[in-house]
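One structure below.
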2 protein chains.
Amino acid sequence: MKLREFAKQLGLSPTTVSRALSGYPEVSEVTRARVAEEAVRLGYRPNVNAVRLKTGRAGAIGVVMGRAGEFHFAEFMAGMAERLLTEDTDILVIPMADPDHNDEMQLYRRLVESQRVDAIIVHSPRPNDERIALLHKLGMPFLVHGRSDIDVPHAWLDIDNEGAVRRATSHLIDLGHTRIAMINGRPGATYALHRDKGYREALQSRGIELDPQLIASGNFTDELGFRFARSLLEQANPPTAIVAGSMMTALGVYRAVRSLGLQVGREVSVIAHDDVFPYLTADNMAPSLSATRSSMRAAGTRCADLVLQLVSGRSPLEIHELWPVELILRESTAPVQR
Amino acid sequence: MKLREFAKQLGLSPTTVSRALSGYPEVSEVTRARVAEEAVRLGYRPNVNAVRLKTGRAGAIGVVMGRAGEFHFAEFMAGMAERLLTEDTDILVIPMADPDHNDEMQLYRRLVESQRVDAIIVHSPRPNDERIALLHKLGMPFLVHGRSDIDVPHAWLDIDNEGAVRRATSHLIDLGHTRIAMINGRPGATYALHRDKGYREALQSRGIELDPQLIASGNFTDELGFRFARSLLEQANPPTAIVAGSMMTALGVYRAVRSLGLQVGREVSVIAHDDVFPYLTADNMAPSLSATRSSMRAAGTRCADLVLQLVSGRSPLEIHELWPVELILRESTAPVQR
DNA sequence: TTTTCCAACCAAATCGTTTTCAAATTTGAG
DNA sequence: CTCAAATTTGAAAACGATTTGGTTGGAAAA
């Protein structure tokens, strides 16, 4: 059913019907009500493509998905979905070819030019992220999930990675630990730098010298956690505590500790960052895992919300949210053994 | 840059340019080459919305995302993305409001009517799935990831859940186990039924009576694995083997076994199904986990491929793929102890 | 030379809306 | 009761492509 026939059936012009449905003020309440009612009854829905062509709005927000298949991706998306449910906006997932630099820029440029999205969410930004510069230059509204130091105004939502790791590390120091290892994410991303900074600061403020041997970085896989923890614990002068980067690396760390006949929460303390997954909970691990916690799903929901605001004209300059991170102490952290 | 100006710059009509770019035969090779070249140089790209309006094609395939935030979702999507990279087709993620029946039908109906997608991928189908009936009735191309018994022709790709579980269970029986527990997915989905069937058949063919107490079902969380395994192992006459449904439940099962001072691969054998995650590998678990394996990412890639075929006219009747599942034996399965 | 045919191109209609500008109707003040 | 102002409604022009149904010019056939 097209606007044309629908309007005819109502004995109105397409103009009026269109206006009635889009909530323009210059149509009488009586008419609007009738139109709305009949639209439901006769099942008229405007053709999206026509609307998009005419208005130039795409009705979708883009999320570029890396190849890595990060496990928190689904949670973030689910969160976004929750917010967009009531909106007339969908999520467009754009596959990213290669993390190859040139290709990536090309991808964003084409995405913008294709006019398939009204806004873009940028993940895992780098301190000087060209994607941000590009999107700004092209005038495409975008929200950064994370932060960047780049000298270009941009809306962002981030969690306090630095504070989280600082507190986690400090807490371990409070417990008497001085050899504290740290598993970080892939170098390059701002969040990894922030975590590194938090770690260093905590050590420094307590006069503990940093041992570069105790730092690892890479994708947050259980394998990384296992290998790194294992190799450290086998060395002379092993760490007594480990700040694992994620739930998955924490699993690996637990395994490594156990494999050497040691116990988490006794010989080795562990703290990880928990994005709050429905299928893997820190509280359920054995021993239960002390964690810095921030809901990835909630971030997705809020990001969707902020993006909608951006699209409807709110200035990116006003949108900066730094979320505090909870530190939840459980059994995996304990005073250092002597 | 619009077609109009672009054509003018080339000294051609919009018609010819459009044809040249879409590969129609009635334009000379010389012209085609020139147009293609200039399009790149001048940066002309057809406006997607106009193309979509005119052709009626949406240029996107829809994936309805449940609220549960299943952890394999990202893998499947990454797989799809890999295939669609070179295509001019995006992935539209549609949030699902409630698993409430009526709403769900409504959602699909509106999705079809909105013409935002050229095809839909249906996940976790039920034996008599009304979504399938609906999509068929509405004439929307769709691919079922999984299977359904419904009496409506539909394209599907599924893994051999029944065979996988049958083999896993049989193998455990071969090792002398007779009390074998089974953790299944949420009841209702076809795959859960298939797994159940595989389990029952394996037992039956070896004359082992089924004990309903040994079966659990629910979302594949580590918690389910832990609670169920733990409660069973504490009982009198505990199982000596467990067919865990997923990697996450397997983690819970491992934990439960350990928490009772037992060892996986000695007092209790465990087999799980592994969707192949980059961040959590069966081989790395301790002890390494015997698993039925099938790549979720590969399924995503193939599903995308098949959907593209559907869209370009291939009959759904021809598209039925049942993927065999590998059984990989590792340390978590061992002969029953007596 | 004339006719026929074919390759190569083009003008204009079309997809289904939104929106500008103008017309019709109602309202309210005088 | 009149007339201007305010409220409702409509006709028609966009939006930017694709595609139908021609033209055109030159080579091949007659």
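In what follows, chains carry the letters A, B, and so on, assigned in the order in which the sequence lines appear, proteins first and then strands, with residues in each chain numbered from 1. The figures here come from the full heavy-atom set of this structure, side chains too, leaving out hydrogens, waters and symmetry mates.
Of all nucleotides listed (C/dT19, C/dT17, D/dA17), C/dT19 comes nearest to the side chain of A/Tyr24. Comparing D/dT18, C/dC9, C/dT18 against the side chain of B/Thr55 picks out D/dT18 as the nearest. When the nucleotides C/dT14, C/dG16, D/dT19 are ranked by their closest atom to the side chain of A/Leu53, C/dG16 comes out on top.
For the pair B/Phe6 CZ and D/dA17 C1', the interatomic distance rounds to 14 Å; values are reported in whole Å. Distance CZ (A/Arg57) to P (C/dT17): 15 Å, rounded to an integer number of Å. Here D/dA14 presents its C1' atom at 14 Å from CG of B/Asn47, a figure rounded to the nearest Å. In this structure, the CZ atom of A/Arg32 is 13 Å from the C1' atom of D/dT7, given to the nearest Å. A/Arg4 has its CZ atom 15 Å from the P atom of C/dA13, to the nearest Å. In this structure, CD of B/Glu29 is placed 11 Å from P of C/dC9, rounded to the nearest angstrom. Between the CG atom of A/Asn49 and the P atom of C/dG16 there is a distance of 10 Å, rounded to whole Å. One can place CD of B/Gln115 at 13 Å from P of C/dC15, the figure rounded to the nearest angstrom.
Take the nearest nucleotide of DNA chain D for A/Leu12 and for B/Thr16: the residue whose nucleotide is more 5' is A/Leu12. Residue whose closest nucleotide on DNA chain C sits further toward the 5' end, between A/Glu26 and A/Lys2: A/Lys2.
Between B/His154 and B/Phe142, the two ring planes are parallel [angle under 30°; tilted spans 30° to 60°].
Without hydrogens or angle criteria, B/Thr16 side chain to B/Leu12 main chain gives no donor-acceptor distance under 3.5 Å.
Between C/dA8 and B/Thr31, no contact under 4.0 Å exists linking OP1 or OP2 to a side-chain N or O. Applying the 4.0 Å criterion to OP1 and OP2 of D/dT8, one finds that A/Ser28 has every side-chain N and O outside that range. Phosphate contact (OP1/OP2 of C/dT19, side-chain N/O of A/Thr15, threshold under 4.0 Å): absent.
Closest of all the heavy-atom pairs between B/Ala155 and B/Leu310 is CB-CD1, 4.0 Å.
Taking the six-membered ring where the residue is Trp, the centroids of A/His123 and A/Phe73 are separated by 6.0 Å or more.
Here the CZ-OG distance, from B/Arg186 to B/Ser124, works out to 11.0 Å after rounding to the nearest 0.5 Å.
In this structure, B/Tyr44 reaches the sugar-phosphate backbone alone: every heavy-atom distance under 4.0 Å involves primed, P, OP1 or OP2 atoms, never a base. Contacts of A/Arg19 with the nucleic acid, taken as non-hydrogen atoms under 4.0 Å apart, include base atoms.
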